[in-house]
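A quick note: this is a predicted structure, and the numbers were derived from the prediction, not measured. Starting from 1, each residue takes its place in the sequence as its number.
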Amino acid sequence: MSRARIGSEWEGLIMAHTGTGFFDRKGNFFKSARDATVSDLAGMLGQIGEGESLAPGIAYMLLERRAEIERLFAEHDKMLEEEAVIRGARLAESPDNVAKLGRLNRVSFPGPPQRGSSQRWRVRFSPESSSP
């Protein structure tokens, strides 16, 4: 074989080369950042369903709809802030809106429940004394 012929035989084969890879949190190698992220999301979700987990598919959908999900979380955070303001305003209006019931003296339990009857428990409280 001539040197030119050996070169042409190897021409179609891939020789060693460099490339870029991505690793998930467990250290598994992936060719794309998307696949590594989906693996991490699926790991966070854990086993979903019986048999083969649905987590990888759900993780993929979460990544695909990321913008929508982030918008929903932003709206959720805004609603939580508004709720906190409303609660604060209600407490400011009447900070002592909790009634002290006193000490529990006695609870009367009825006998065994009878079919078709409504059972009531009797609870008696004594007023809270000012001394400890």
Side-chain angles (χ1 to χ4, degrees):
M1 281 190 192
S2 71
R3 185 174 217 149
R5 182 171 168 100
I6 293 174
S8 65
E9 286 177 10
W10 292 96
E11 198 172 293
L13 298 176
I14 298 174
M15 301 303 283
H17 63 282
T18 60
T20 303
F22 300 89
F23 296 89
D24 66 4
R25 292 182 180 176
K26 292 180 182 177
N28 299 318
F29 175 80
F30 294 91
K31 291 182 180 180
S32 72
R34 165 176 265 122
D35 291 341
T37 303
V38 166
S39 174
D40 282 336
L41 285 170
M44 289 171 52
L45 292 171
Q47 177 71 26
I48 299 175
E50 295 180 15
E52 190 174 335
S53 178
L54 300 174
I58 294 170
Y60 180 78
M61 293 302 297
L62 289 171
L63 193 59
E64 286 295 309
R65 297 186 177 178
R66 177 181 177 176
E68 296 169 52
I69 292 168
E70 287 177 347
R71 189 187 84 246
L72 287 172
F73 275 117
E75 291 172 5
H76 175 72
D77 292 342
K78 185 177 177 183
M79 287 187 291
L80 289 177
E81 290 172 6
E82 292 171 359
E83 183 181 41
V85 169
I86 291 169
R87 284 187 181 175
R90 284 184 187 157
L91 285 175
E93 289 174 4
S94 57
D96 59 345
N97 63 352
V98 178
K100 293 183 180 181
L101 296 176
R103 227 178 68 221
L104 178 63
N105 274 347
R106 185 175 69 173
V107 177
S108 301
F109 295 99
Q114 301 295 321
R115 184 175 230 147
S117 68
S118 62
Q119 297 283 325
R120 293 189 181 155
W121 292 10
R122 293 183 205 145
V123 180
R124 292 191 183 174
F125 290 94
S126 62
E128 178 107 18
S129 62
S130 59
S131 61

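Contact record, Ile48 with Ser53: N-OG, 3.1 Å, taken as the closest heavy-atom pair. Contact detail for Ala42 and Ala55: the closest heavy-atom pair is O-CB, 3.8 Å.
For residues 20-29, the set of pairs meeting the side-chain hydrogen bond (donor to acceptor under 3.5 Å, both in side chains) definition, not counting sequence neighbours, comprises Asp24-Asn28, Asp24-Ser39. Listed by first and then second residue, the ring pair (Phe, Tyr, Trp, His ring centres under 6.0 Å) pairs involving residues 41-82 amount to none (not counting sequence neighbours). Within the structure, every pair that satisfies the ring pair (Phe, Tyr, Trp, His ring centres under 6.0 Å) test and touches residues 25-52, not counting sequence neighbours, is listed here: Phe23-Phe29. Among residues at least two apart or in separate chains, salt bridge (Lys or Arg N to Asp or Glu O under 4.0 Å) pairs with a member in residues 32-45 are Arg34-Glu64.
Considering only residues two or more places apart in sequence or on other chains, Arg66 meets the salt bridge (Lys or Arg N to Asp or Glu O under 4.0 Å) condition with Glu70.
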Report, one line per pair, each donor and acceptor closer than 3.5 Å where one atom sits in a side chain of residues 78-86; sequence neighbours left out.
none

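By the rule that hydrophobic residues join a cluster once side-chain heavy atoms approach within less than 4.5 Å of another member, Ile69 and Leu54 end up as members of one cluster.
In this structure, CG on Leu45 lies 6.5 Å from CD1 on Ile58, to the nearest 0.5 angstrom.
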